[in-house]
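First the structure, in the form of structure tokens, and then the observations on it.
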Amino acid sequence: MTALEPTPERIAYARKAQSRTWTFGPEGAGEILADDVLGGMVVNGLIAPHFVTPTQQIAGQDDYYRLTEAGEKWLAENEETS
């Protein structure tokens, strides 16, 4: 795993994942493969897909991308410099 440079796009992705509003539906988390920035952040352990339970799905909640603990730390360190 390599340290990722804190580009404005990566900072924006981290903030979006931190909000837990970046959802994906039944198509799955395929965006990880199609989006180089997201894929890189997942590979480096900063963002991870979170799959909700069937009960939560029935209640209308979608799966979502979330910031990991390492991602929270990375964002905190890099927001100070951006």
Side-chain angles (χ1 to χ4, degrees):
M1 190 173 351
T2 61
L4 290 178
E5 178 184 338
T7 65
E9 189 174 26
R10 287 185 182 130
I11 296 288
Y13 275 46
R15 287 179 181 149
K16 187 175 178 181
Q18 185 180 45
S19 73
R20 297 187 178 192
T21 58
W22 190 355
T23 61
F24 55 93
E27 73 282 357
E31 189 174 7
I32 292 169
L33 300 174
D35 186 315
D36 291 338
V37 174
L38 176 60
M41 293 182 81
V42 169
V43 166
N44 281 276
L46 303 176
I47 294 176
H50 176 79
F51 300 95
V52 298
T53 66
T55 303
Q56 290 170 312
Q57 285 180 332
I58 291 168
Q61 187 175 354
D62 288 324
D63 299 321
Y64 58 89
Y65 295 105
R66 65 174 179 80
L67 210 53
T68 64
E69 284 185 36
E72 292 281 354
K73 182 179 177 188
W74 180 90
L75 181 59
E77 290 171 354
N78 292 296
E79 275 185 319
E80 296 170 2
T81 61
S82 65

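With sequence neighbours excluded, no residue forms a side-chain contact (heavy atoms from CB on, under 4.5 Å) with Glu69. Among residues two or more places apart in sequence or in another chain, the side chain to side chain donor-acceptor pair (under 3.5 Å) test is passed with Asp35 by Tyr13. Taking the side chain to side chain donor-acceptor pair (under 3.5 Å) definition, one finds that Glu72 meets it with Gln18, sequence neighbours left out. With sequence neighbours excluded, the residues satisfying side chain to side chain donor-acceptor pair (under 3.5 Å) with Ser19 are Thr21. Applying the side-chain contact (heavy atoms from CB on, under 4.5 Å) rule to Ala70 yields the partners Leu46, Thr68; only residues at least two apart in sequence or on another chain are considered. By the side chain to side chain donor-acceptor pair (under 3.5 Å) test, Thr55 is found to be paired with no residue, residues two or more places apart in sequence or in another chain being considered. In this view, Phe24 and Phe51, Tyr65 satisfy the ring pair (Phe, Tyr, Trp, His ring centres under 6.0 Å) rule, not counting sequence neighbours. For Ala17, the side-chain contact (heavy atoms from CB on, under 4.5 Å) test picks out Trp22, Ile47, Leu67, with sequence neighbours left out.
Nearest heavy-atom pair across Gly40 and Leu4 is O-CD1, 3.9 Å. Here the closest heavy-atom approach between residue Met41 and residue Arg10 is recorded as CE-O, 3.5 Å.
Atom OG1 of residue Thr53 and atom CD of residue Gln61 lie 7.5 Å apart, to the nearest 0.5 angstrom. How far CD1 of Ile58 is from CD of Gln56: 10.5 Å, rounded to the nearest 0.5 Å.
Through direct or indirect side-chain contacts shorter than 4.5 Å among Ile, Leu, Val, Met, Phe, Trp and Tyr, Leu33 is connected to no other residue. In the hydrophobic clustering, where aliphatic and aromatic side chains (Ile, Leu, Val, Met, Phe, Trp, Tyr) are joined below 4.5 Å either directly or transitively, Val52 groups with Tyr64.
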(message) Between Gln57 and Asp63, is the side chain to side chain contact (heavy atoms under 4.5 Å, CB included) condition met? List the steps.
(response) CA-CA 8 Å; Gln57 285 180 332; Asp63 299 321; 3.8 Å; yes
